[in-house]
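If you're wondering where the values come from, they're calculated on a predicted model, not measured in any experiment. Residue numbers start from 1 in every chain, and the chains themselves are labelled A, B, ... in the order their sequence lines are given, proteins ahead of strands.
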4 protein chains.
Amino acid sequence: MNVQLNTAAEKKQAIYQSTLRLIREFGFHGTPMSQIAQEAGVATGTIYHYFASKEELIVELFRYSKERMLNAIFREDERALSYPRRFMTIWMNLVEHYIQHPEVLSFMEQFFSSPYVKTLYSEECVYFQDEMSNFLKQGVDEGHIKPLDINIISAAFVGTVSATAKRHINGRFTFKEEDLKKMVGIIWDGIKN
Amino acid sequence: MNVQLNTAAEKKQAIYQSTLRLIREFGFHGTPMSQIAQEAGVATGTIYHYFASKEELIVELFRYSKERMLNAIFREDERALSYPRRFMTIWMNLVEHYIQHPEVLSFMEQFFSSPYVKTLYSEECVYFQDEMSNFLKQGVDEGHIKPLDINIISAAFVGTVSATAKRHINGRFTFKEEDLKKMVGIIWDGIKN
Amino acid sequence: MNVQLNTAAEKKQAIYQSTLRLIREFGFHGTPMSQIAQEAGVATGTIYHYFASKEELIVELFRYSKERMLNAIFREDERALSYPRRFMTIWMNLVEHYIQHPEVLSFMEQFFSSPYVKTLYSEECVYFQDEMSNFLKQGVDEGHIKPLDINIISAAFVGTVSATAKRHINGRFTFKEEDLKKMVGIIWDGIKN
Amino acid sequence: MNVQLNTAAEKKQAIYQSTLRLIREFGFHGTPMSQIAQEAGVATGTIYHYFASKEELIVELFRYSKERMLNAIFREDERALSYPRRFMTIWMNLVEHYIQHPEVLSFMEQFFSSPYVKTLYSEECVYFQDEMSNFLKQGVDEGHIKPLDINIISAAFVGTVSATAKRHINGRFTFKEEDLKKMVGIIWDGIKN
DNA sequence: CATGAATGAGGATTCATTCAT
DNA sequence: GATGAATGAATCCTCATTCAT
């Protein structure tokens with residue numbers, strides 16, 4: 001299953017991927033450390049060189065996933081666009097990131113509705129507060145968006161992203177490019193000035 | 001904490017409430033049957049008179065919670081209103097239901113991101129498909145709403161509800177009546193004809 | 001191996017005996033809960049109905065053993081004797097108790113040289129302080145014993161008891177009735193007025 | 001904490017000290033090889049260059065500690081004294097050795113009440129049999145001591161030493177020079193001719 | 001019906017030991 | 001020689017479930 005895993009970073013990667021995949025399929029409770037290890041191609045004890053406990057593994061995996069997500073949505077090429085286009089692009093980037101990595105969405109959702117969240121410092125908890133909030137604030141400040149509280153805009157943004165991605169992933173409805181555009185359109189129309 | 005629980009129905013109720021409360025606090029994994037029993041004021045074995053297994057208890061609890069939710073959002077008094085007002089009322093009813101019963105929202109979220117969902121027949125999974133879909137379809141048919149796919153509208157509706165309620169419950173932002181109205185306003189503006 | 005064990009008290013007894021026997025043979029570390037359970041004729045989990053953890057089992061076992069020991073050495077028939085005879089009788093009772101129950105001596109010794117001791121309240125730690133100290137104090141007060149600090153007398157008493165019993169149990173030397181008498185004689189001669 | 005450790009002998013020393021300290025604090029079971037290594041300032045694997053296994057380390061440490069103890073109690077300056085004075089001096093040397101090196105007493109006690117003892121050849125087990133027995137035998141032969149079996153005298157000697165040192169180390173009673181003298185006095189009075 | 005003691009499989013974690021560098 | 005990452009068997013403990021009372 002695995003080629004040689006040499007560096008520590010590569011091993012952590014393998015453990016993360018294995019955990020993500022299994023948690024999507026069996027849930028937090030349903031995935032024993034032994035299975036994570038096996039799927040990652042390492043011994044059970046090895047995981048404990050990298051993570052002090054299952055809890056730490058999960059919290060670290062959350063940080064890792066959040067980082068990946070931020071890299072996926074805020075990108076070089078998107079900075080050049082006009083605000084409305086950036087808004088739509090970022091929304092779509094996020095949906096697409098989740099659709100391409102369903103195990104990440106599943107993990108995030110489970111994480112947020114689990115008691116593990118409490119172990120994060122409250123600031124971290126607002127998981128992409130910084131970049132996202134700044135981006136939305138900018139929209140308000142520059143007059144692209146109505147003068148609503150950031151939390152309202154943010155909830156609309158995030159809520160529609162995850163509802164859309166989940167529905168797509170479940171197979172309840174296959175969102176095509178144009179459907180996604182319609183979806184962002186709804187919120188954008190609702191918040192634009 | 002416990003008055004005499006006589007009827008079977010009362011006992012089931014007590015078990016449901018206890019489960020809901022504990023799952024919110026400790027998660028599925030963190031709440032043993034013994035604790036559910038204790039908090040409900042019954043013996044462990046008693047739960048097994050009412051539910052064949054922990055899984056069945058959870059799935060039944062889901063059905064029960066869904067029922068309660070539907071009763072909370074579709075109500076006599078709301079039928080008389082104009083479509084736009086009904087739309088807003090229902091959205092607000094749902095948010096308020098979750099805000100008043102945070103353990104229900106927490107349970108639902110955990111349920112949907114857990115492997116238990118798989119045990120539901122797929123139709124059931126679309127948890128308030130019938131009433132909700134019909135209501136939205138009616139909006140499209142009667143020309144109140146743009147001719148979008150029901151899934152798009154539905155995702156927008158549901159996604160914003162849960163993002164809003166979660167943010168309020170976490171304490172990240174306290175949505176006041178007027179904030180909620182602004183929030184529905186955004187979607188309504190986005191989908192209305 | 002076991003007849004029906006009905007009462008809770010009987011089960012605790014069985015667990016205690018099993019633990020005592022195994023700890024003597026394999027040490028604290030060398031005796032897993034599973035083996036204790038097996039030897040006691042119960043399931044592993046059952047032990048946890050009676051004791052919250054291995055540590056608690058061991059601490060309780062210490063209390064139980066101490067109780068048994070006190071009952072063995074302070075007895076009805078000994079109260080009637082003259083002080084010197086009581087002194088000798090009690091010393092001999094204790095040695096004989098340990099010789100007849102080597103697993104108790106072994107357990108006690110291991111317990112006192114383990115970190116478990118720290119979990120006892122310091123008063124308890126002085127394990128037969130009360131009865132024993134009172135008895136020795138009485139000897140001093142009534143002028144049978146030289147006016148030495150109780151701790152000195154007590155150390156002499158206890159130290160010789162355990163050195164004697166251990167040596168007998170190891171098989172390094174078989175103390176006969178008369179040898180034991182000589183042994184107490186040494187201390188008695190050393191402390192008597 | 002660690003200066004350069006160059007010679008093999010110095011490394012062994014460091015390992016012994018580290019083991020002694022940790023075992024006193026956490027017990028045999030509570031001190032992993034990795035911690036011993038860390039505290040000694042070497043790598044885990046390094047210990048295995050010097051000792052084939054944890055068991056061997058412990059047995060060797062016992063031999064080392066016994067050697068140190070013998071050097072501490074039988075000394076040039078004490079040979080010149082009269083028998084009674086030698087007896088008392090040796091007894092006091094031993095108590096003082098333990099009081100100054102509580103980790104050694106703790107280790108010895110744990111060692112003797114553990115299954116490790118079994119791995120020693122039985123003669124060795126009688127840990128200072130030779131020098132000590134000879135010394136006591138001499139006392140009997142020369143008529144300083146009553147004609148008792150060596151085992152009786154020896155048990156009295158050893159038992160009081162360890163009971164005294166333990167009580168002092170625990171802090172239950174602080175034996176001053178004069179208290180120690182009283183203590184040896186008791187045994188000496190009990191066995192002298 | 002209700003009880004809760006008993007069960008034992010299953011899971012997180014530890015740690016002595018090995019071995020490639 | 002020295003290192004310390006990797007191993008995986010072994011241990012403590014939990015908890016869903018059963019069943020005799």
Side-chain angles (χ1 to χ4, degrees), chain A residues 4-8 11 28-38 40-58, chain B residues 5-8 11 28-38 40-58, chain C residues 4-8 11 28-38 40-57, chain D residues 5-8 11 28-38 41-58:
Chain A
Q4 277 297 104
L5 299 173
N6 294 308
T7 70
K11 242 167 214 161
F28 282 139
H29 174 43
T31 81
M33 292 297 262
S34 56
Q35 213 180 332
I36 293 174
Q38 192 173 41
V42 299
T44 314
T46 304
I47 299 185
Y48 289 86
H49 272 291
Y50 295 98
F51 307 96
S53 64
K54 192 176 187 179
E55 176 165 333
E56 190 179 300
L57 164 58
I58 288 184
Chain B
L5 300 174
N6 295 308
T7 71
K11 252 171 203 161
F28 282 137
H29 175 42
T31 81
M33 293 296 262
S34 57
Q35 213 182 333
I36 292 175
Q38 192 174 40
V42 299
T44 315
T46 305
I47 299 184
Y48 288 86
H49 277 294
Y50 296 99
F51 307 96
S53 65
K54 191 177 189 181
E55 178 165 332
E56 190 180 299
L57 164 58
I58 288 184
Chain C
Q4 276 299 105
L5 300 173
N6 296 306
T7 70
K11 243 167 214 161
F28 282 139
H29 174 43
T31 82
M33 292 296 262
S34 56
Q35 212 181 332
I36 293 174
Q38 191 173 42
V42 299
T44 314
T46 304
I47 299 184
Y48 290 87
H49 272 290
Y50 296 96
F51 308 96
S53 63
K54 191 175 187 181
E55 175 164 335
E56 191 180 299
L57 164 58
Chain D
L5 300 173
N6 296 308
T7 72
K11 253 173 203 159
F28 283 138
H29 174 42
T31 81
M33 292 295 263
S34 56
Q35 213 181 333
I36 292 175
Q38 191 174 41
V42 299
T44 315
T46 305
I47 299 184
Y48 288 86
H49 278 294
Y50 297 97
F51 307 96
S53 65
K54 190 176 188 182
E55 178 165 333
E56 190 180 300
L57 163 59
I58 289 185

Think [X] has a side-chain N or O under 4.0 angstrom from the OP1 or OP2 of [N]?
| X | N | value |
| --- | --- | --- |
| A/Tyr50 | F/dA6 | yes |
| C/Lys11 | E/dA5 | no |
| A/Ser34 | E/dG11 | no |

Could you tell me how far apart [X] ([atom1]) and [N] ([atom2]) are, to the nearest whole angstrom?
| X | N | atom1 | atom2 | value |
| --- | --- | --- | --- | --- |
| B/Gln35 | F/dA16 | CD | C1' | 14 Å |
| B/Met33 | F/dT18 | CE | P | 10 Å |
| C/Ile47 | F/dC12 | CD1 | P | 10 Å |
| C/Ile36 | F/dT11 | CD1 | P | 12 Å |
| A/Leu57 | E/dG11 | CG | C1' | 15 Å |
| C/Gln38 | E/dT7 | CD | P | 13 Å |
| B/Ile58 | F/dC15 | CD1 | P | 13 Å |

- 5'-most contact on DNA chain E (nearest-nucleotide basis), A/Glu55 vs B/Ala43, goes to B/Ala43

- First encountered from the 5' end of DNA chain E, between A/Ser53 and C/Gly45: C/Gly45

- Task: Please give the nucleotide sitting opposite F/dA16 as a Watson-Crick or G-U wobble pair, both distances under 3.5 Å, or none.
- Result: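 Base-paired to E/dT7.
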
- CD1-OG1 distance between D/Ile36 and D/Thr31, expressed to the nearest 0.5 angstrom: 4.0 Å

- Examine the base of E/dA6 for any acceptor or donor lying under 3.5 Å from a partner atom in the side chain of C/His49, and report the outcome as yes or no.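 Donor-acceptor pair under 3.5 Å: yes.
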
Measuring from the side chain of [X] (C-beta onward, heavy atoms only), which nucleotide among [options] has the closest atom?
| X | options | value |
| --- | --- | --- |
| A/Tyr48 | E/dT17, F/dG4, E/dA12 | E/dA12 |
| D/Pro32 | F/dT7, E/dA16, F/dC12 | E/dA16 |
| D/Thr44 | F/dA6, F/dT3, E/dT17 | E/dT17 |
| B/Lys54 | F/dT17, F/dC12, E/dT17 | F/dT17 |

- Query: At their closest point, which heavy atom of B/Tyr48 faces which heavy atom of B/Ser53, and how far apart are they?
  - Reply: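 Heavy atoms only, the tightest pair is CE2-CA, 4.1 Å.
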
- Query: Between A/Lys11 and A/Val42, is there a donor-acceptor pair closer than 3.5 Å when you use the side chain of the first and the backbone of the second?
  - Reply: no

- Would you mind classifying the nucleic acid contact of C/Phe51 as base, sugar-phosphate or nothing, using non-hydrogen atoms under 4.0 angstrom?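 Nothing, no heavy atom under 4.0 Å.
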
- Side-chain contact, heavy-atom cut-off 4.5 Å: C/Gln38 with C/Thr44? no

- Item | Heavy-atom side-chain proximity of B/Leu57 to B/Met33 below 4.5 angstrom |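 SC-SC contact between B/Leu57 and B/Met33 confirmed.
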
